[in-house]
Student: 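Below: one structure in structure tokens.
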Amino acid sequence: MTTAVSGVKPSGTLHLGNYLGMIRPALRLAARSDRSFYLIADYHALNTLRDAARLREFTLDVAASLLALGLDPGRTALYRQSDVPETFELATILSAVTPKGAMNRAHAYKAAVAANEAAGRQADEGVNMGLYTYPILMAGDILLVDGDLVPVGRDQVQHVEIARDLADAFNTTFGATLRPPAADVDPDVEVVPGLDGRKMSKSHGNTIPLFADPESRRRLVARIRTDSRRPEEPKDPATCLVFSLYRQFASEAERESMGRRYREGVIGYAEAKACLEAAIECELGEAGKRFRELRGDESRLRAVLADGADRARGAARATLSRVRDAVGTGPPL
Ligand code: TRP
């Protein structure tokens, strides 16, 4: 039996990078796993988002988005991380077997330090402990529900490896208790480029929202950077940002046909962009309509999240009681 666990941070409007890098692979994996959990990691978002009303809004946005994209809440427990408090107890216990050096080496923390140093600031300026211990909390999310497969984008692989290391370290010290998970990376998804060619990311301001209306999507697609080759000049699809997004939404045959037209110099960037828009609309247009309907029904969203939290807590209590027994904080004295 395999258990898939996925998570998404409700820290902003979801964009195509989130969708292609982790949401779409996670939904596909959930559909073929025996058990699956999808959590909305609101305490991870708290490290950067200091606005209660927006945190709630983004949480409901994510819930409605996942349901609109086809998450079946009967099969996959969809819940808010903060509704499963066992997570935080497990994270505390895991901290006791986490080498501090492993946190020093975690990418998100290292990137923050590198950015500070490049700007001539103190290494840890603006770094909170939530960012520093982010991988421990994420390990809590995963290990709590006995996850063995974690579908993530490449940037999150290290976090899953840390979760695995912590499970191994715990098991070595206290006996076999936690199930070591593995990352499941879609080999087809490279880093999703944004409008300017850097990784698509909210912090770079280069995103295309998941459910943009066609007109604003058109304006954004128009901004995707290209070179100045004319339609009749041969082009290399492998280095074109428009093509690299298009290939994610196109069928194999469409991908090959457009690739050929690039190489032969019978397509211009304006036409390629129109094809990209059509391909996005085809995959996400209906989901966008469902999103707007679902988002308008907050009581339904709350009911789905409450039911998901109940089911996740069922699994969580069992794990936590094994863990407490193993370390000696349970059963009650
Ligand atoms: N760190 C993940 C991200 O930013 C989100 C996340 C939190 C997660 N907990 C998780 C992903 C557990 C998978 C499993 O994308």
Side-chain angles (χ1 to χ4, degrees), residues 2-30 33 35-49 55 58-59 62-63 65-66 71 76-88 90-91 94 103 106-112 130-167 178-186 189 191-192 199-203 207 210 308-309 312 315-316 319:
T2 60
T3 300
V5 192
S6 324
V8 56
K9 246 183 332 189
S11 52
T13 304
L14 293 175
H15 55 72
L16 295 184
N18 304 132
Y19 173 67
L20 297 171
M22 53 176 205
I23 296 177
R24 188 171 70 176
L27 293 177
R28 287 179 180 167
L29 182 67
S33 301
R35 287 164 88 226
S36 50
F37 296 89
Y38 213 128
L39 66 109
I40 305 176
D42 50 353
Y43 278 134
H44 277 119
L46 187 62
N47 294 322
T48 51
L49 180 62
L55 184 55
F58 287 145
T59 299
V62 170
S65 301
L66 293 171
L71 181 143
T76 301
L78 174 64
Y79 55 101
R80 193 157 72 141
Q81 181 186 44
S82 56
D83 286 336
V84 182
E86 289 79 5
T87 310
F88 315 110
L90 180 57
L94 290 172
M103 298 299 97
H107 293 322
Y109 171 66
K110 266 174 64 178
L131 171 67
Y132 189 63
T133 61
Y134 189 109
I136 305 178
L137 181 55
M138 180 159 158
D141 294 331
I142 297 167
L143 301 177
L144 193 62
V145 292
D146 293 318
D148 19 38
L149 277 183
V150 188
V152 283
R154 290 185 195 279
D155 59 326
Q156 294 289 321
V157 170
Q158 189 200 32
H159 289 150
V160 181
E161 287 167 355
I162 292 173
R164 185 182 187 88
D165 290 345
L166 296 186
L178 293 169
R179 194 190 299 220
D184 184 86
V185 181
D186 184 339
V189 182
V191 172
V192 179
K199 175 185 180 229
M200 190 179 286
S201 156
K202 185 172 55 98
S203 57
T207 63
L210 179 56
T319 306

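As the structure lists them, so they are numbered: ligands from 1, and atoms in each ligand from 1.
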Student: Heavy atoms only, cut-off 4.0 Å: how does Val160 contact ligand 1, side chain, backbone, both, or neither?
Tutor: neither

Student: Taking only heavy atoms of Val150 into account, list the atoms of ligand 1 that are under 4.0 Å away from them.
Tutor: 13 (C), 14 (C)

Student: Using only atom types and a distance under 3.5 Å, with no angle test, would you say the side chain of Gln158 pairs donor to acceptor with the backbone of His107?
Tutor: yes

Student: I'd like to check whether Ser6 has a polar contact with ligand 1, where a contact means an N/O of the residue lying under 3.5 Å from an N/O of the ligand.
Tutor: no

Student: What do we get for Met22 next to ligand 1 when only non-hydrogen atoms under 4.0 Å count, side chain, backbone, both or neither?
Tutor: side chain

Student: Considering non-hydrogen atoms of the protein only, which is the closest contact for atom 4 (O) of ligand 1, and what is the distance?
Tutor: Tyr134 OH, 3.0 Å

Student: So between His44, Gln156, Lys9, His159, whose heavy atom ends up nearest atom 3 (C) of ligand 1?
Tutor: Gln156

Student: Could you walk me through whether Ser82 and Asp42 pass the side-chain hydrogen bond (donor to acceptor under 3.5 Å, both in side chains) check?
Tutor: CA-CA 7 Å; Ser82 56; Asp42 50 353; 2.5 Å; yes

Student: Could you identify the single nearest non-hydrogen protein atom to atom 5 (C) of ligand 1 and state the distance to 0.1 Å?
Tutor: Gly7 O, 3.6 Å

Student: To the nearest 0.5 Å, tell me how far Lys202 NZ sits from Leu14 CG.
Tutor: 11.0 Å

Student: State the CG-OH distance between Leu137 and Tyr43, to the nearest 0.5 angstrom.
Tutor: 10.0 Å

Student: Less than 4.5 Å apart, side chain to side chain, heavy atoms only: is that true for Phe37 and Asp141?
Tutor: no

Student: Heavy-atom contacts under 4.0 Å between Leu137 and ligand 1: side chain, backbone, both, or neither?
Tutor: neither

Student: Closer than 3.5 angstrom, by distance alone: can the side chain of Arg24 be matched with the main-chain N or O of Tyr19 as a donor-acceptor pair?
Tutor: no

Student: Checking a contact table here: which protein heavy atom is nearest atom 9 (N) of ligand 1, and how many Å away?
Tutor: Asp141 OD2, 2.7 Å

Student: Just jot down the ligand 1 atoms closer than 4.0 angstrom to any heavy atom of Ala41, in number order.
Tutor: 7 (C)

Student: Can you tell me how far CG of Leu131 sits from NE2 of His44, rounded to the nearest 0.5 angstrom?
Tutor: 10.0 Å

